[in-house]
Amino acid sequence: MRSVTYSMGVSLDGYIVGPDGDFNWTAPDEEVFRFWIDEIRQVGVHLLGRRLYETMLYWETADQDPTLDESDREWTALWKPLPKVVFSTTLSAVQGNARLASGGVAEEIERLRAEPGESDIAIGGATLAAEAAALGLIDEYQLMVYPVLVGGGIPFFPQRERRVDLELVETRTFSSKVVYLRYRVAR
C-alpha cells in the first residue's frame, strides 16, 4: 500500500511559518536542496493545501528562467510533471499538472492508495496535514529541522489531544546544521 508522508521544513520550536508569515529561514543550501531533489523522486502524487500550492507555483514556469542553476533545473524537471491534488475552498482553477480535489482528504487518499504503484503520496501544508493526521492517515513524518526559534506561527504538528507513537527510521545532520528526522507511525 502507498505510504502517506508529511514533510516540511520546521523551526526548532516546531513552526513551519513564523508569526509574521515568513519562512525564509527554510531556504535550503545546496546540500539540503540535493536531498529534497532525491526525495521527490520517490513521490507519485503530492497533496497540497492552497497556500503551499500557491508558494510552489513558481516551479511551474521556473524552467523559462535562463539564470536557473543546474539543481533548480533538475527540481523543476521533477516537480512540473508530478501529479498534484490541491485542496482549496477558494480556488476555482489550478495550473500545471494539478487538479482540485473533488472530495475530502480521506476520500482522495483512499482513492490514491487503491491505484497501482508503490510511490509515496506526499502531503504538504499544515492545515491539510493536520486534517489527515487527525484521521490517522499519515504513515510517516519527515522533518527538516532548522536551527532557528521563530516564537510562534503555524505549527508543524497539529495541536490535538491525541497520542501518536512514532518509530525513528532515519536521521541526518547536514553541514548547515539542519537536521533531518524521519519517523514512521507505529501501528
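The figures that follow rest on heavy atoms only: side chains count, while hydrogens, waters and symmetry mates do not. Here the structure is a predicted model, which means the values were calculated and not measured.
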**Study point:** Short side-chain donor-acceptor distance under 3.5 Å, T76 and D63
**Key:**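 Result is no, nothing qualifies.
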
Exercise for review: Indicate whether any N or O donor in one side chain lies under 3.5 Å from an N or O acceptor in the other, for S71 and E30.
Suggested key: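 Distance-only check passes for S71 and E30.
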
For the [atom1] atom of [X] and the [atom2] atom of [Y], what is their distance to the nearest 0.5 Å?
| X | Y | atom1 | atom2 | answer |
| --- | --- | --- | --- | --- |
| R182 | T5 | CZ | OG1 | 7.5 Å |
| H46 | N97 | NE2 | CG | 13.0 Å |
| L143 | L12 | CG | CG | 11.0 Å |
| S119 | I40 | OG | CD1 | 10.5 Å |
| Y183 | D165 | OH | CG | 12.5 Å |
| L91 | E54 | CG | CD | 5.5 Å |

Just wondering, do [Y] and [X] contact through their side chains at under 4.5 Å, heavy atoms?
| X | Y | value |
| --- | --- | --- |
| V178 | F35 | no |
| I16 | T26 | no |
| D120 | E39 | no |
| D72 | D65 | no |
| I123 | F87 | no |
| E140 | E170 | no |
| V185 | L166 | yes |
| S7 | M144 | no |

Residue pair [X] / [Y]: nearest heavy atoms and the distance that separates them:
| X | Y | result |
| --- | --- | --- |
| I138 | A129 | CD1-O, 3.5 Å |
| D29 | S176 | OD2-CB, 3.1 Å |
| E107 | G103 | OE1-C, 4.0 Å |
| A106 | L137 | CA-CD1, 3.7 Å |
| V43 | A122 | CG1-CB, 3.8 Å |
| Y53 | A98 | CE1-CB, 4.3 Å |

Check your understanding: Should L112 and L47 be marked as a side chain to side chain contact (heavy atoms under 4.5 Å, CB included) after you check the CA-CA gap, both sets of side-chain angles, and the distance that decides it?
Key -> CA-CA 10 Å; L112 291 167; L47 310 181; 3.7 Å; yes

Check your understanding: Has F23 got more than 12 heavy atoms of other residues, nucleotides or ligands less than 6.0 Å from its CZ?
Key ->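 Counting other residues, nucleotides and ligands, CZ of F23 stays at 12 neighbours or fewer.
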
Point to revise | Crowding at CD, E110 (>12 non-hydrogen neighbours, <6.0 Å) | key: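 No - once you tally the heavy atoms of other residues, nucleotides and ligands closer than 6.0 Å, there are 12 at most.
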
Test item: [X] side-chain N/O and [Y] main-chain N/O as donor-acceptor pair under 3.5 Å:
| X | Y | value |
| --- | --- | --- |
| R113 | R2 | yes |
| E131 | L128 | no |
| D13 | G151 | yes |

Exercise for review: Take the angle between the ring planes of W75 and F33 and call it parallel below 30°, perpendicular above 60°, tilted in between.
Suggested key: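 Judged by the thresholds at 30° and 60°, the geometry between W75 and F33 is tilted.
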
Point to revise | Ring geometry between Y6 and F156 (parallel below 30°, tilted from 30 to 60°, perpendicular above 60°) | key: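 Ring orientation of F156 relative to Y6: parallel.
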
Check your understanding: Under the side chain to side chain contact (heavy atoms under 4.5 Å, CB included) criterion, do R51 and T127 qualify, and how do the steps go?
Key -> CA-CA 10 Å; R51 278 178 262 170; T127 304; 3.8 Å; yes

Practice item. Go through the steps for Y146 and V32 under the test side chain to side chain contact (heavy atoms under 4.5 Å, CB included), then give the verdict. Key: CA-CA 11 Å; Y146 287 81; V32 172; 3.9 Å; yes

Exercise for review: Determine, for E60 against K84, whether the closest basic-nitrogen to carboxylate-oxygen distance falls under 4.0 angstrom.
Suggested key: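 Here E60 pairs with K84 in a salt bridge, since their nearest N and O are under 4.0 Å apart.
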
Point to revise | Same apolar cluster (I L V M F W Y, side chains within < 4.5 Å links), V169/Y180 | key: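 The answer is no; the residues belong to distinct hydrophobic clusters.
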
Review point. Would S102 and E108 count as a side chain to side chain contact (heavy atoms under 4.5 Å, CB included) if you check the C-alpha gap in whole Å, the side-chain angles of each, and the deciding distance to 0.1 Å?
Key: CA-CA 8 Å; S102 56; E108 287 290 344; 3.3 Å; yes

